[in-house]
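In what follows, a single structure is set out as structure tokens and then discussed.
Just follow the structure's listing: the first ligand is 1, and inside any ligand the first atom is 1. Worth knowing before you read on, the calculation uses all heavy atoms, side chains too, and leaves out hydrogens, waters and symmetry mates.
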Amino acid sequence: MDKRIALITGATSGIGAACAQRFYEEGYDIIITGRRQERLDAMVAALDSTRVHCLCFDVRNHSEVEKAVNGLPPEWKNIDVLVNNAGLALGLSTFFKGNIDHWDTMMDTNVKGLLYVSRAISHGMIERKTGHIINIGSIAGKEVYMNGNVYCASKHAVDALSKAMRIELAEFGLRVGVVHPGAVETEFSEVRFEGDTERAALVYQGFENLVGADIADAVFYMASRPAHVNINELIIMPQAQPQASVIHRK
Ligand code: NDP
Ligand code: 8X3
């Protein structure tokens, strides 16, 4: 395989870490990003360091994003696949009791952060007339569940932006897809419940949840289709979760 590069945002944990591992195993050189430098360092140490480049930045900070992408060494600039995975949910409550800081963080990360990274990286893809952007949405971007309001809105925005990007980038030969997972056991619920690990564990109790590798498999499937094939979207659920708010637990 010719040298191919995948950049994965939010690669320090969960779905992003699984995507990084999968692309690496499939022969890609990988650019891993996140805010936790120590985790990025540990990942580089566990792999062939000539095939991994790490960038530590917060996707919410537009100038940090631009600096990180524009400052890539020449041999890392030609990104073939961008996996926009960094994201989070904070809290579960009605909108009328909602925490405004939570709303800002979710919208800034899941929507604006994804836009900042995509804008910065798409310029090179457009110039080279090749590239693939794969966004990680959510079943929360296809359905709405009680108390999910702003997180669901942010993921509906990811769904809409995936369509917009596909329309606007097609003439340059680029592909855009989105993967919408149901419940995947990661650090997601620990983050949502702000470190309450007992509450987080309950989310995944009594049924077989998805794991990061299930989503990485779908993302890699999209990326590995022939160049004339674009998988627009995939919705991937645990068998026991037929819709967002229904989970059959034993
Ligand atoms: P994790 O909490 O395990 O991972 C989230 C990743 O996002 C981390 O690597 C984190 O890195 C990164 N991240 C969060 N905020 C920022 C930020 N401001 N700047 C840069 N990186 C950031 O959760 P998941 O792996 O589950 O989540 C990944 C994506 O999948 C999210 O978009 C989530 O909404 C989506 N998703 C998750 C589902 C699930 O059930 N788990 C289901 C459907 C969708 P760091 O903290 O180092 O910055
Ligand atoms: C994460 C899935 O249903 O917990 O996006 O919101 S859900």
Side-chain angles (χ1 to χ4, degrees), residues 7-21 32-43 54-62 64-65 68 83-92 102 104-114 116-117 134-159 161-162 178-195 197 199-200 202-204 207 209-216 218-219 233-238 240-247:
L7 184 148
I8 300 105
T9 66
T12 55
S13 170
I15 294 170
C19 288
Q21 185 68 32
I32 51 175
T33 85
R35 291 165 300 176
R36 287 171 287 184
Q37 182 73 57
E38 67 287 358
R39 290 216 184 176
L40 295 171
D41 291 343
M43 289 173 78
C54 63
L55 293 177
C56 190
F57 63 84
D58 187 326
V59 296
R60 292 171 295 176
N61 185 323
H62 179 240
E64 267 187 33
V65 171
V83 182
N84 273 316
N85 162 79
L88 80 174
L90 284 172
L92 258 184
H102 286 175
D104 288 343
T105 304
M106 287 187 279
M107 297 308 279
D108 288 350
T109 309
N110 300 352
V111 184
K112 290 164 71 181
L114 177 144
Y116 295 156
V117 174
I134 302 176
N135 297 325
I136 305 299
S138 170
I139 190 59
K142 302 305 258 184
E143 300 176 20
V144 175
Y145 53 84
M146 183 71 188
N147 296 329
N149 44 67
V150 174
Y151 178 66
C152 294
S154 76
K155 290 297 184 175
H156 274 69
V158 172
D159 196 35
L161 286 170
S162 302
V178 56
V179 177
H180 295 292
V184 188
E185 187 167 7
T186 62
E187 293 175 15
F188 178 84
S189 294
E190 274 180 59
V191 171
R192 171 172 246 171
F193 301 126
E194 297 174 280
T197 48
R199 190 171 176 200
L202 290 177
V203 173
Y204 309 107
F207 75 107
N209 52 256
L210 300 171
V211 295
D214 295 319
I215 307 309
V219 171
E233 64 176 350
L234 290 171
I235 301 176
I236 303 173
M237 304 293 284
Q241 187 186 21
Q243 74 179 52
S245 50
V246 176
I247 296 183

What protein heavy atom lies closest to [atom]? Include the residue and the distance to one decimal.
atom	value
atom 3 (O) of ligand 1	Ser13 OG, 2.5 Å
atom 40 (O) of ligand 1	Val184 N, 2.9 Å
atom 24 (P) of ligand 1	Thr186 OG1, 3.4 Å
atom 18 (N) of ligand 1	Asp58 OD1, 2.8 Å
atom 7 (S) of ligand 2	Tyr145 OH, 3.5 Å
atom 19 (N) of ligand 1	Val59 N, 3.0 Å
atom 15 (N) of ligand 1	Arg35 NH2, 3.2 Å
atom 44 (C) of ligand 1	Gly137 O, 3.1 Å

Which of the listed options, [options], holds the heavy atom that is closest to [atom]?
atom	options	value
atom 32 (O) of ligand 1	Asn85, Leu210, Ile136	Asn85
atom 27 (O) of ligand 1	Gly14, Cys19, Gly87	Gly87
atom 21 (N) of ligand 1	Ala140, Ala89, Ala86	Ala86

Which atom of [X] lies closest to which atom of [Y], heavy atoms considered:
X	Y	result
Ile15	Pro181	CD1-CG, 4.4 Å
Tyr204	Val184	OH-O, 3.3 Å
Ile32	Met43	CD1-CB, 3.7 Å
Thr33	Leu7	CG2-CD2, 3.9 Å
Leu92	Met146	CD2-O, 4.3 Å

Ligand 1 contacted by [X] (non-hydrogen, < 4.0 Å):
X	answer
Thr9	no
Gly182	yes
Glu185	no

Go through ligand 1 atom by atom and flag the ones less than 4.0 Å from a non-hydrogen atom of [X].
X	value
Arg60	18 (N)
Tyr151	33 (C), 34 (O), 36 (N), 44 (C)
Phe57	19 (N), 20 (C)
Glu187	2 (O), 3 (O)
Thr12	8 (C), 9 (O), 10 (C), 11 (O), 45 (P), 47 (O)

Working to the nearest 0.5 angstrom, can you tell me the gap between [X] [atom1] and [Y] [atom2]?
X	Y	atom1	atom2	value
Arg60	Met106	CZ	CE	12.0 Å
Phe207	Ile247	CZ	CD1	4.0 Å
Asn135	His180	CG	NE2	9.0 Å
Asn61	Asp108	CG	CG	10.5 Å
Met107	His102	CE	NE2	15.0 Å
Ile139	Lys155	CD1	NZ	12.5 Å

So, regarding [X] and ligand 1 (criterion: nitrogen or oxygen to nitrogen or oxygen, under 3.5 Å), is there a contact or not?
X	answer
Tyr204	no
Pro181	no
Ile139	no
Ala183	no
Gly10	yes

Check your understanding: With distance as the sole test, does Gln37 use its side chain to make a donor-acceptor pair with the main-chain N or O of Leu40 at under 3.5 Å?
Key -> no

Check your understanding: Between Arg192 (side chain) and Gly91 (backbone), is there a donor-acceptor pair under 3.5 Å?
Key -> yes

Review point. At under 4.0 Å between heavy atoms, which part of Glu190 makes contact with ligand 1: side chain, backbone, both or neither?
Key: neither

Practice item. For ligand 1, note which part of Ile15 has a heavy atom under 4.0 Å away: side chain, backbone, both or neither. Key: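 Answer for Ile15: both.
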
Review point. Are the ring centres of Tyr151 and Phe188 closer than 6.0 Å?
Key: yes

Practice item. Please say whether more than 12 non-hydrogen atoms of neighbouring residues, nucleotides or ligands are located less than 6.0 Å from NZ in Lys142. Key: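 Buried by this count: over 12 neighbours within 6.0 Å.
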
Practice item. May I ask you to identify, for Arg192, whether its side chain, its backbone, both or neither come under 4.0 Å of ligand 2 on a heavy-atom basis? Key: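 Only the side chain of Arg192 comes within reach of ligand 2.
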
Check your understanding: Do any heavy atoms of Lys155 fall under 4.0 Å from ligand 2?
Key -> no

Point to revise | Sub-3.5 Å N/O-N/O distance, Ser138 and ligand 2 | key: yes

**Study point:** Distance filter under 4.0 Å to Tyr151 heavy atoms, resulting ligand 2 atoms
**Key:**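 So the atoms of ligand 2 that pass are 1 (C), 5 (O), 6 (O).
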
